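I have placed the structure first, in the form of structure tokens, so that the comments after it can refer back to it.
Please read these numbers as outputs of a predicted model, since none were measured by experiment. Lettering follows sequence order; numbering is per chain, from 1.
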Amino acid sequence: MKNIDGNTVSAVLSNVANAIEANKDYLCTLDSEVGDGDHGVSMTIGMRTARRALATLENPSPEIAFRTVAEAFADEVGAASGALYEGAFAAAARAVAGKATLNTTADWAAIYEAIAREMQAIGKAELNDKTLLDAWLPAAQALRTAADEGAPLDEGLRRATAAAWAGVENTRHLIPKRGRASRLGERARGYQDAGATSAWLIIKTIEQSLAPAAE
Amino acid sequence: MKNIDGNTVSAVLSNVANAIEANKDYLCTLDSEVGDGDHGVSMTIGMRTARRALATLENPSPEIAFRTVAEAFADEVGAASGALYEGAFAAAARAVAGKATLNTTADWAAIYEAIAREMQAIGKAELNDKTLLDAWLPAAQALRTAADEGAPLDEGLRRATAAAWAGVENTRHLIPKRGRASRLGERARGYQDAGATSAWLIIKTIEQSLAPAAE
Amino acid sequence: MKKLINDPFDFVEEMLEGFCAAHDDLIKRVGRRAIARIDAPIPGKVGVVVGGGSGHLPLYTAYVGKGGADAAPAGNIFASPPAKPILEATRAANGGAGVVYFYGNYAGDVLNFDRAAAMAEAEGIRVATVLGTDDVASAPPSEAHNRRGIAGAFLVVKVIGAKAETMADFDAVVATARKANANTRTMGVALTACTVPANGKPTFTIADDEMEVGLGVHGEPGVRRTKVVPVDTIVDELVETILGDLDYTGSDVAVLVNGLGATPYEELYVIYRRVKQILDARRITIRRKYVGEYATSLEMAGASVSLMRLDAELHDLLAMPIHTPMIRQF
Amino acid sequence: MKKLINDPFDFVEEMLEGFCAAHDDLIKRVGRRAIARIDAPIPGKVGVVVGGGSGHLPLYTAYVGKGGADAAPAGNIFASPPAKPILEATRAANGGAGVVYFYGNYAGDVLNFDRAAAMAEAEGIRVATVLGTDDVASAPPSEAHNRRGIAGAFLVVKVIGAKAETMADFDAVVATARKANANTRTMGVALTACTVPANGKPTFTIADDEMEVGLGVHGEPGVRRTKVVPVDTIVDELVETILGDLDYTGSDVAVLVNGLGATPYEELYVIYRRVKQILDARRITIRRKYVGEYATSLEMAGASVSLMRLDAELHDLLAMPIHTPMIRQF
Ligand SMILES: Nc1ncnc2c1ncn2[C@@H]1O[C@H](COP(=O)(O)OP(=O)(O)O)[C@@H](O)[C@H]1O
Ligand SMILES: Nc1ncnc2c1ncn2[C@@H]1O[C@H](COP(=O)(O)OP(=O)(O)O)[C@@H](O)[C@H]1O
Ligand SMILES: [Mg+2]
Ligand SMILES: [Mg+2]
Ligand SMILES: [Mg+2]
Ligand SMILES: [Mg+2]
């Protein structure tokens, strides 16, 4: 098993940027159904800016890597997703402050929990409100359970991805309670939430990027 | 042979209105190729208004019937075609002033000549400038020749229609010298002139409407 | 959708560059994504900050100027600005008498403006927020406070800007802003979709003979999709819905007929003609009228009708002059 | 193309009804198809009459007002008005000092305005005609006088209206009008077609990835059809063509970036940004700038760039105030 240091975290977050950008159109299409069609654009702008900034860092700490992403969202994004991810990545940064490596399942459980908690604090959404929390909350919970059970990191991350995807699929059956789709009520049922989908993409990319290191 | 009095002229002009309106889209499409796509609209507005006004007249003289059409164009149309037809129908009215019937080939030759001459005076176009004169000038000439040869009215009108159509077909090979298409030069070659086409429609409808009376 | 743009990700940046260059006599840049009127901040005047996603010009950046807003942050296309440019706009607008925020009631905007407000208050700037909620199609009357803000924002900003220009104090400006919004209702119809440049595909598809009634200004679904009918029939539905939502009996009103982008001005005047017929028949008196493009949705075809119920104060404030990059009233 | 209209044959009538009702403080109707500024005729002032086919608002009816034109006849969509409303507008504009006609150089307009001029002169009204010929794409320099008039008309009318407002005499107004037109050049690009309502079909078809360079404002073919390229490349071509047509070296200029209808204002500002870059690099000084919709073609998407070469007189006249239904400058 390799050390997951700040450089690795930075590489992981760059992979996330690539994954988001590769799925820009898919995320926009989902957001078009009941929203304004820009979710893939907002996430791409944030993560692209983050990737550029990450590339300029020399041996960042994990905290700095996460904070750099938070700043990219703070500077460039806006929108509902921008406010949420700015806060979420800042919370992740605080959660890893002082740590040189993030090798354990518990390390990442703390990160996911910080992200989900901060998003909830900012956006006031609950589980089943058909938002990105429907991916982040189950993912954080699955990872925490894995950590409590002593599961290795790669297994924990896999479980988190699976939980996130189940959450995404579940959004299809929900009526939105937050965000611009919330005014549509019943008419928004049947559509998969864009924000939950990009959340799952992030979670899945972290898992896959860390797989070699976490084995 | 029946008398072609003012009521007959009025009925003929109403037929012309119907024919123009039935071909509105065709004329617009022709004008779209090299112009602004409104020729069928302008002619329809003029002839519709004329038809309504003609319907209110009681036993008009031929002069009044033509003048009514001129006034409809003057009030409602504008555009190149409106200015030309306002003048043309006014000239036709002057050409038949004082006449109760228009039974002879010479009567109609005088009308077509007055129309063509006035249009030339107003628009300053020559034969082969790719305008409605490419229908009116040959039609007037054919009718005059028929009159000079002592041909009966129905035959004269048929020859006028044929000459007008030949003129319309010829416009396809011409470069426009007048009107908004004139700036296109070579690029306008190959397209049939909208104004010449509506002129032929008028000429043909007059012929067909008068056929029973002119036999 | 074809667009006259370069890299779609540079669009807002290049647009702001051109906007600021074209109007350097009236406005100035106060941040990478924030502008302010050239003479801001005005000492002792309550500052007015408006803003939201880009793609709606003249809303909101072109509402900044004398008699209008003091400053505006500009977000990406259809995306609320982040807190940072909102804070920059807030500082630029602050003449020491506090700052009033007015923007459309959208989740993203609320999140970001609220953050900025907290940051501004931490710096000692007093902030109050008034949300635009004029879109009657977006929620039933019982949830009127949850409605979206659409074109009626123009009338409300016109009122707030004028009120602040009179040097009214903070509480008075806030109270008037709330009154203006509470008396404003809008409903619209869209005939075609629009395309977020960096997305590249239309936000929705709509058949060649259909229209969407009550559509949101970002392409969010409306209340009903139906065949296109004569515009008088459409206007009847829009105005009747508005009149059924708020009691305008015997009132003076301001009318705003707003084009969404692609609809010709000629059509807007046909709509105004019908609105006037309806209001005349009901003895509702049109005291102020605005016909044009005041809040667009990129190249969307469609229009909305807004009615603001007027008291003497609202009337007089609407009648005051305004001079911004795209809104001018003598 | 879907439109917000009733019977297409009633469109212009209903539009004028709405227009006159919406702007009854500024203009009045002086014929079934003619309007005039509310205080026309102004004794001793040279009258300015502009006009043409409808479907181009604000051109021409919304150019009528203080500092603009005195009166305007309105034709059917894309069709010159007949002589009669032109004559009505002429009478309404005539304050005894003669009337100047300005309109775009189109066959139909020339025929009808010339007729009206003859009728007006028969009534003792002195008339002079200046034709708008700014479209560089419509004829080579050797035939510049045969060119079409397009959006540059706005700048020219702004100058003529201001000159007349100074109470200059007839010959002076005519001379300034000619100078204004002679110093103005425009070139445009279209991305989509427009539809004459009573026709019902687009005037031309254009592929989803194509644009027409040099298109006429009524959908007349331009000089070249080509793939859509980045807007900077397009603007470079438009501006270079204009600069190659008239010598702007070391000049002061007015810039007009005009939207044809469906193109968002945001894109117009991106265009302005590029125009400024080009002119800055060539040390051509932008003294006046206009970005917006000044001459539209119904719902066509596209834009044009106009440059007016300025001397002191043209500059000062452009800088004077104007107050019309859709054009306001303090
Ligand atoms: N209050 C909220 N809490 C959590 N997530 C939210 C909230 N509001 C919106 N979202 C998420 O944001 C997504 C939309 O993001 P995006 O399209 O980028 O922003 P916007 O709605 O401002 O255009 C939604 O799909 C939803 O998942
Ligand atoms: N000077 C002219 N003389 C004769 N006919 C003309 C002249 N100018 C234009 N036309 C005719 O008018 C037709 C176009 O008419 P129309 O479309 O109604 O007017 P506009 O060009 O003003 O839109 C052309 O096809 C041509 O036949
Ligand atoms: Mg969105
Ligand atoms: Mg035509
Ligand atoms: Mg958005
Ligand atoms: Mg025409």
Looking at A/E113, I'd like to know if its CD atom is crowded, meaning that more than 12 non-hydrogen atoms belonging to other residues, nucleotides or ligands lie closer than 6.0 Å.
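Buried by this count: over 12 neighbours within 6.0 Å.
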
For chain C, the option from [options] that forms the most heavy-atom pairs under 4.5 Å:
{"options": "A/V34, A/D25, A/D38, A/T44", "answer": "A/D38"}
{"options": "A/T29, A/D75, A/I122, A/L27", "answer": "A/D75"}
{"options": "A/R48, A/H39, A/R178, A/K124", "answer": "A/R48"}

query: Taking every heavy-atom pair that is under 4.5 Å apart, which of C/G75, C/C194, C/P221 has the most such pairs with chain A?
result: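 Answer, by heavy-atom pair count under 4.5 Å with chain A: C/P221.
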
Worksheet item: Pick from C/N105, C/T195, C/I77: which one has the most heavy-atom pairs with chain A under 4.5 Å?
Response: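 Greatest number of close heavy-atom pairs with chain A: C/N105.
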
Less than 4.5 Å to any heavy atom of chain A: does that hold for the side chain of [X], its backbone, both, or neither?
{"X": "C/A139", "value": "neither"}
{"X": "C/R148", "value": "both"}
{"X": "C/F204", "value": "neither"}
{"X": "C/D114", "value": "neither"}

- [ ] Could you tell me whether the side chain of C/N199 and the main chain of A/V41 form a donor-acceptor pair under 3.5 Å?
- [x]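 No: the side chain of C/N199 does not pair with the backbone of A/V41.
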
Quiz prompt | Donor-acceptor contact below 3.5 Å, side chain A/D36 vs main chain C/E220 | solution =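 It does not hold such a pair.
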
Discussion item. Please determine whether side-chain contact (heavy atoms from CB on, under 4.5 Å) holds for the pair A/L84 and C/L111, giving the CA-CA distance in whole Å, both sets of side-chain angles, and the decisive distance to 0.1 Å.
Written reply: CA-CA 8 Å; A/L84 293 164; C/L111 290 178; 4.2 Å; yes

Considering non-hydrogen atoms only, spot the tightest contact between A/A79 and C/A79 and give its length.
->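 So the two residues come closest at CB-CB, 3.7 Å.
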
**Message:** Please classify the contact of A/E76 with chain C as side chain, backbone, both or neither, using a heavy-atom distance under 4.5 Å.
**Reply:**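 For A/E76, backbone and side chain are both near chain C.
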
